[in-house]
> 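For reference, the structure I am asking about is given below.
Note that the coordinates shown come from a computational prediction; the quantities given were computed from them, not determined experimentally.
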Protein chains: 6
Amino acid sequence: MARAITLFTGQWADLPLAKLAEKASAWGFDGLELACWGDHFEVDKALSQDGYVKSRWDILNRHHLKCVAISNHLAGQCVCDAIDARHQRILPPRLWGNGEPEGVRRRCAQEMIDTAKAAKLFGVNIVNGFTGSQVWGKFYFFPPTSQADIDEGYRDFAGRWLPILDAFKAQGVRFGLEVHPTEIAYDVYTARRALEAVKGHPSFCFNFDPSHFIHQFLNPVYFIQECGDRLVHVHVKDSRVQLNGRNSILSSHLDFGDPRRGWDFVSPGHGDVKWDPIIRALNRAGYKGPLSIEWEDSGMDRDWGAPEALAMIRKQDFTASAVAFDAAFASKG
Amino acid sequence: MARAITLFTGQWADLPLAKLAEKASAWGFDGLELACWGDHFEVDKALSQDGYVKSRWDILNRHHLKCVAISNHLAGQCVCDAIDARHQRILPPRLWGNGEPEGVRRRCAQEMIDTAKAAKLFGVNIVNGFTGSQVWGKFYFFPPTSQADIDEGYRDFAGRWLPILDAFKAQGVRFGLEVHPTEIAYDVYTARRALEAVKGHPSFCFNFDPSHFIHQFLNPVYFIQECGDRLVHVHVKDSRVQLNGRNSILSSHLDFGDPRRGWDFVSPGHGDVKWDPIIRALNRAGYKGPLSIEWEDSGMDRDWGAPEALAMIRKQDFTASAVAFDAAFASKG
Amino acid sequence: MARAITLFTGQWADLPLAKLAEKASAWGFDGLELACWGDHFEVDKALSQDGYVKSRWDILNRHHLKCVAISNHLAGQCVCDAIDARHQRILPPRLWGNGEPEGVRRRCAQEMIDTAKAAKLFGVNIVNGFTGSQVWGKFYFFPPTSQADIDEGYRDFAGRWLPILDAFKAQGVRFGLEVHPTEIAYDVYTARRALEAVKGHPSFCFNFDPSHFIHQFLNPVYFIQECGDRLVHVHVKDSRVQLNGRNSILSSHLDFGDPRRGWDFVSPGHGDVKWDPIIRALNRAGYKGPLSIEWEDSGMDRDWGAPEALAMIRKQDFTASAVAFDAAFASKG
Amino acid sequence: MARAITLFTGQWADLPLAKLAEKASAWGFDGLELACWGDHFEVDKALSQDGYVKSRWDILNRHHLKCVAISNHLAGQCVCDAIDARHQRILPPRLWGNGEPEGVRRRCAQEMIDTAKAAKLFGVNIVNGFTGSQVWGKFYFFPPTSQADIDEGYRDFAGRWLPILDAFKAQGVRFGLEVHPTEIAYDVYTARRALEAVKGHPSFCFNFDPSHFIHQFLNPVYFIQECGDRLVHVHVKDSRVQLNGRNSILSSHLDFGDPRRGWDFVSPGHGDVKWDPIIRALNRAGYKGPLSIEWEDSGMDRDWGAPEALAMIRKQDFTASAVAFDAAFASKG
Amino acid sequence: MARAITLFTGQWADLPLAKLAEKASAWGFDGLELACWGDHFEVDKALSQDGYVKSRWDILNRHHLKCVAISNHLAGQCVCDAIDARHQRILPPRLWGNGEPEGVRRRCAQEMIDTAKAAKLFGVNIVNGFTGSQVWGKFYFFPPTSQADIDEGYRDFAGRWLPILDAFKAQGVRFGLEVHPTEIAYDVYTARRALEAVKGHPSFCFNFDPSHFIHQFLNPVYFIQECGDRLVHVHVKDSRVQLNGRNSILSSHLDFGDPRRGWDFVSPGHGDVKWDPIIRALNRAGYKGPLSIEWEDSGMDRDWGAPEALAMIRKQDFTASAVAFDAAFASKG
Amino acid sequence: MARAITLFTGQWADLPLAKLAEKASAWGFDGLELACWGDHFEVDKALSQDGYVKSRWDILNRHHLKCVAISNHLAGQCVCDAIDARHQRILPPRLWGNGEPEGVRRRCAQEMIDTAKAAKLFGVNIVNGFTGSQVWGKFYFFPPTSQADIDEGYRDFAGRWLPILDAFKAQGVRFGLEVHPTEIAYDVYTARRALEAVKGHPSFCFNFDPSHFIHQFLNPVYFIQECGDRLVHVHVKDSRVQLNGRNSILSSHLDFGDPRRGWDFVSPGHGDVKWDPIIRALNRAGYKGPLSIEWEDSGMDRDWGAPEALAMIRKQDFTASAVAFDAAFASKG
């Protein structure tokens, strides 16, 4: 049976949910993965306003859209990061407060706990998001960086997230970290290290998004093979390496959409992600959740691209084989 | 005429200069590029102790070794960086002081000015090194990072380095920034941006080191083509991409020498740097300075590798053509 | 005019023909290539039971399906092979008998003669299949294997198959060997050697199937170029090389469908076969027969895959040009 | 808004325009780019016969087809070429005359001026075409060829074309040189040299056709990046490199369509052109003109291929993004 | 400290040991790996003739040659194989006997036990060799082959080799299986399966030879990483993939040395083996044994090639690093 | 036995032979291939001046240099070419005369006949050179070019060269056409067509030079395989493809040595030619003549490069195997 195809609303936060739901439904999406920003899913209102949660379902139901996951990348990012001016721009004033770093980190940690509660109220049991990281920016190892330095960063992560994860567990909600540069885990090795840091906490899971692996030259299939038992959600997002000897894979401090960059995000199906092997790996891993399109392409009109991406992934989402051909042959006669 | 082949002493700072000079001379090196750490070239002593500078030359002369450049990467790194515990480990107590970040940055800026003075006293007019950077760690652009954010980092760099560069100019010494991730410039685009930030200051030059371009997938020849007029020094160092779909080009927070890394430094001649096109480009750019081996390979004995690297690069260092074959043919008859 | 697209029934032998015909017709196939196992086309019944042949046509006609070829790979395989327990599993008891190898080989040789007779009765003049081989397993040449050893294997093949081929000729039926590892011919060189061994017998032809060339790193187009005059049938089947440095192109004695294998069969259009150059080569060779989908993919539901493969190949099956552009331009004026 | 998709009529000159227009309209094309040969658009009649121009529009209008450009490659080719017997075959007798080379060149130069006049009368302001070249055949530089030799060729080009370009300007029509081997410009470097030769004449523009870059191993996107401000027209044509170690990229004096050639033209979508990056580059360059399919494939029926190519390029012609994702994210909260 | 470079005598069995030792010594080899065929090391004489063992050492000592391993590939091959005429050609009459397969296998199993005894007498504790395999030829899995079939082959191997391995253990000698197509283990997966079949018997070890991995597209480094603790010996042998779309990686039943083959053995340094990463992996695995050149190249004079190969590998055999550069940097100041 | 390594003097014609011979001998060359321009070998003097031929041998003998071939590319080029100003620069006045094209062609044809006579007098039986071509410049096939047009060019070639080849045959001298763009043959297909045009004239042979195949993407080994029976001479020359998406394989009318070119000649060993497979192919073809270094590299000092190239090719020139390893193994026991 085919999986549900949903649209992640994070890149459409400039549109009210009512309008976006109408569009997505008209394009043929099966559901939405609501972002906890814009007016799509507001955690504070969900916990404080009667009828808020129902208001979200009313909109969804009106357009026959499912919702099995919400996402709170922005608050999650601030839980472990060294806070700077950029974080202010992604947080509402109630979380930013006076901007004192440790205060920001603590308020955002609490916000993640609240997000789990709001998810429970809303009736979904997956919250995707980011963790931030104290050590991400040290990846190049100069000034010389010891494994002790890195271990300290993973301890910091565990110290801040274990209480959050316990709260998730209490709500019966799982956290799906989107494995991504800038986060505590961005590839298989760091995903394992993060898992070890939280001692394999049952609520610590992954939101698989291959677009973040392509420009690291990782094969997304290997991630599914090694971490498939922790997959709770899948993003359909694509990226493309466009190296030419003049541009760096590190992107030269150039904006997304600048053609001089060494890689960029593109509409699903237009990049280097190979979907067939991913579908096979998801089938083997037994993943039955949605394929959620996170649409981002600085060179394409999103209203042109989103329905095209939907059609693309629907055509790719095949089911596993029910027969073994060897056996079939062997029983012939 | 062949270029001088020198050895950068930075990776041998555990050996006293007298011992290293003896080794290098025996291996056949033409000279040394002295690091401003260990006892190789101590800036404070050069400026404060009579006879210190002469003591360095005595060692060099005893072994018939030239010196045309000194290097101070460690102090330079601290001029613009956000200071953390790792910086303490690369600085002497007199520069670290109480570790208050802005104080560290200012003392290191003064140290770079002093390095130029010491160089002049020592009789060399090139100081190689690093700059540090306020924006390096923001290269991934999440949380969303605007060009205004990045511009601010380049302004910070210019504000801190222009006084240093003026002091260099006053001494008739040029600064050779080793273009390198973690620095204000790590590829052609950022090298240009840095140059613009300091309005093309005549003392702001480059130490070309191809090993830092390989794992960014940059063609080192393009750097020489575009920045050749600012080359004052060349490092012969090598690196190798060893991607396999499981490891990240961002290296997964794994130590140098760990075979799981996506790339690593290797002895010159054992990596992905192609020296022939680099020699051609240096010939076209009119570079006549030394080829200075910066030897670093976590998987090879350095006493085995350094003389091998010397032999390798000597064989590659050919001179440009004096004749035009077209013209030669055309005048035949 | 577009070619007929048929479905080879060999991988569907667990379904009765009546049911499969209904499915294939609903999916839009033009016809079937009947396997001589399961109940699809039973050679013994065709020769011994009145009305059997008509019963097959009744099923086909009911669903408006063509049939231009039948296939008997399993009996053919046993004509030259060293017989072991695996052969018992692919043969009916009447052919296996007591399993004494030479007896099995002889009964299967007779079965192939009977297949030609049954084909004639059924009204088709192509029988696809395998030959088996005495020397296939010696391809690695250790223990040291001389060309005399190999020649002996080709003589054995000729000795066993020439009488069969003569019988085919007498019926006006051609044999289409599916060029394939485990057979007497698996690439261009061995196809030629086999042809020479049977002195170019006019009934010895080929069933072209590119999926068996891909993992040998053969370009299927070259096979068509060199053996195009012997092509009587074409299989549309696909395979994919999935090497990663850890798995062997020889597949490590791992099952089809095991993701650790170095290559595997996949649904047509999902693998490494490039169909456009093959269609061009078939057009140049003048091949007008069917494109017969042999559907095998251990990671995909066959009911999902077969109609997708049909749509894929229909879109690819273009006709040759009727005009020469050079001439067109030259006559303009 | 999507661009118009037109069909270049040059390869269909054996069909009367009325018949071709009917076909193209039925296939769904938005318009035609008329060739100045066959009966499609006859320059001499346009200037001399009342009603000729209207007769062309009548045909187009009857089929609801647009026309924004006409093309005169054949006469243009003869303006600078060394004239030989092949040129006679592409010219009408009135232009060939007695075949004396300089006379042919002058008559063809006048024909190009007349083409601009006819375009104006017809109501289009773009004429695509070729220039010919005195130096094309000298590209290999043996016998030794100096830059002075080449400069002389570009001077010859400028001398012959500046009067033509002035006449174009007087009519308000721009010339779109199809950058192409055999012409004065065939890549970025030669396009720039040609532009310099005519001192950047405002009527000297380019008809971009990626099929001519592929077999030169040029990235078509770079052409758009560097010459985008001179693009007046775009051809959708494709080619494929089919090297195998035995055939030369120079094509061995073998006919188009000969499978032994090192490259060949193929129906758009079947070759090595990657359309997505081209569309992005055209979007960045602000190109709003038509995408004109020049259909040529010696191995495919043109009536099969042309509508397939139309469908292919319509699916690719996406519009640029109206939002900046960075900004979008940054304003969330 | 550099490893000893020895020459495997198997490909020189047409020369008496006395002559070969003289040559090898003159070329500069440090020792020999004696083959148990020709007159190099005769197992039966070693066990039965007084002074035979000493006679071998006399020859070796006369030329200052070491010996740390002997090899008996030919008898080993016959322990598990289906015996055919080719095996007769590699066995002496005393082992072939009447050629009845099971008898041959048993005599060869006893010969391997005797080889261990002879090794002990001779004073070496490594015997390299082959095992043969009942299932090698079934690798393609047609006729359909179940994992039960393969398991049966591994059980057969264990049944025949466990008594041999016990005898090895009793002598304090280890068996080094050369991992190789035609053997029970030819890649990492089958090496593990073989190890499991003999329940990790301590005398079952590996002779690493990268030439057998190259044409399977295996990365030899991965074998060392995964089986490094079982490495007792290393062959320096090379092979080259020479695919061109016309030839098969399965080699088309063509002789070694035939340029039409898809791969072939070549003199070490002339093929696709990359020695630097292998040396690094051996260093990491702590391998201190010899690098033994197995010289085989059907296109090169062996007297030309063997000393060249010796010089090549000596230059590559570098030692591991004694310092950690990170630590070095970190302690600078 | 190793082949003689000679130096082709064509690129050193600015030096008097006496000086060049001294250099070449000091570098260790075994001999020279004399160019028929400069003062190296003057055809007119050889035929008209007593003692001229001896004077050449005196110089050679004084330096212990062999000579087995002379070369006359420049006169040969003018036999079939369309003559233009460039040809004047490569011809002496006595051949250029008044420059009337047909007169130039006829005088150069006679000069080639005289070259054969001079070679005979000088005691060598190979003359290498070029043929020129009437159709080279038409290779792109636009304006549309028919096979009849090309056939006419090959007829012109045959008409002009058959008398020359007959004269060669009369002298017992063979002509070695250097297969090369700008000539009648530049790859395998055109070499065959040229051979057919002269009906396989026994004096029409080839001078193999791989540098001219590399940038056409031809595998030089295939040329040897297919034309090996016509090889009379071999040039050791190298070239390198340096494509980057911006430059054309057709070289953009840029000078040799311009780094923007798509390919360029480089010193042997510095380019893309793989010598090992060429040596194997020459061994199989039974070629026993010299390996003659044609040294041309616009980016390297020729006095640096020539001896390096000599050392490079001497190390590569291995002899074929005298033993068959299969047979060797098979006879062991």
> Quick one: list whatever passes salt bridge (charged side-chain N to carboxylate O under 4.0 Å, His left out) with E33(D), sequence neighbours left out.
none
> Go through the atoms of H215(F) and report whether side chain, backbone, both or neither lie under 4.5 Å from a heavy atom of chain D.
both
> Can you tell me which portion of L243(F) sits under 4.5 Å from chain D's heavy atoms? Options are side chain, backbone, both or neither.
side chain
> Contact part of V135(F) toward chain D, heavy-atom cut-off under 4.5 Å: side chain, backbone, both or neither?
both
> Side chains of W161(F) and T131(F): any donor to acceptor distance under 3.5 Å?
no
> For S252(F), which atoms come within 4.5 Å of any heavy atom of chain D: side chain, backbone, both, or neither?
both
> Passes ring pair (Phe, Tyr, Trp, His ring centres under 6.0 Å), H180(F) versus Y140(D)? Steps please.
CA-CA 10 Å; H180(F) 181 289; Y140(D) 194 81; 5.3 Å; yes
> According to salt bridge (charged side-chain N to carboxylate O under 4.0 Å, His left out), who are the partners of R261(D), at least two apart in sequence or on a separate chain?
none
> Using non-hydrogen atoms and a 4.5 Å limit, figure out which bit of F223(F) sits close to chain D: side chain, backbone, both or neither.
neither
> Report which part of I150(F) has an atom under 4.5 Å of a heavy atom belonging to chain D: side chain, backbone, both, or neither.
side chain
> Any side-chain to backbone donor/acceptor pair from R302(F) onto Q11(F)? Under 3.5 Å, distance only.
yes
> Heavy-atom distances under 4.5 Å only: say whether F130(D) touches chain F with side chain, backbone, both or neither.
side chain
> Quick one: what part of Y186(F) sits under 4.5 Å from any heavy atom of chain D, side chain, backbone, both or neither?
side chain
> Counting only heavy atoms closer than 4.5 Å, note whether N244(D) contacts chain F via side chain, backbone, both or neither.
backbone
> Identify whether the distance between the nearest side-chain nitrogen and carboxylate oxygen of D156(D) and R160(D) falls below 4.0 Å.
yes
> May I ask you to establish whether R260(D) and Y189(F) are in a cation-pi arrangement, using a distance under 6.0 Å from NZ or CZ to the six-membered ring centre and at most 45° from the ring axis?
yes
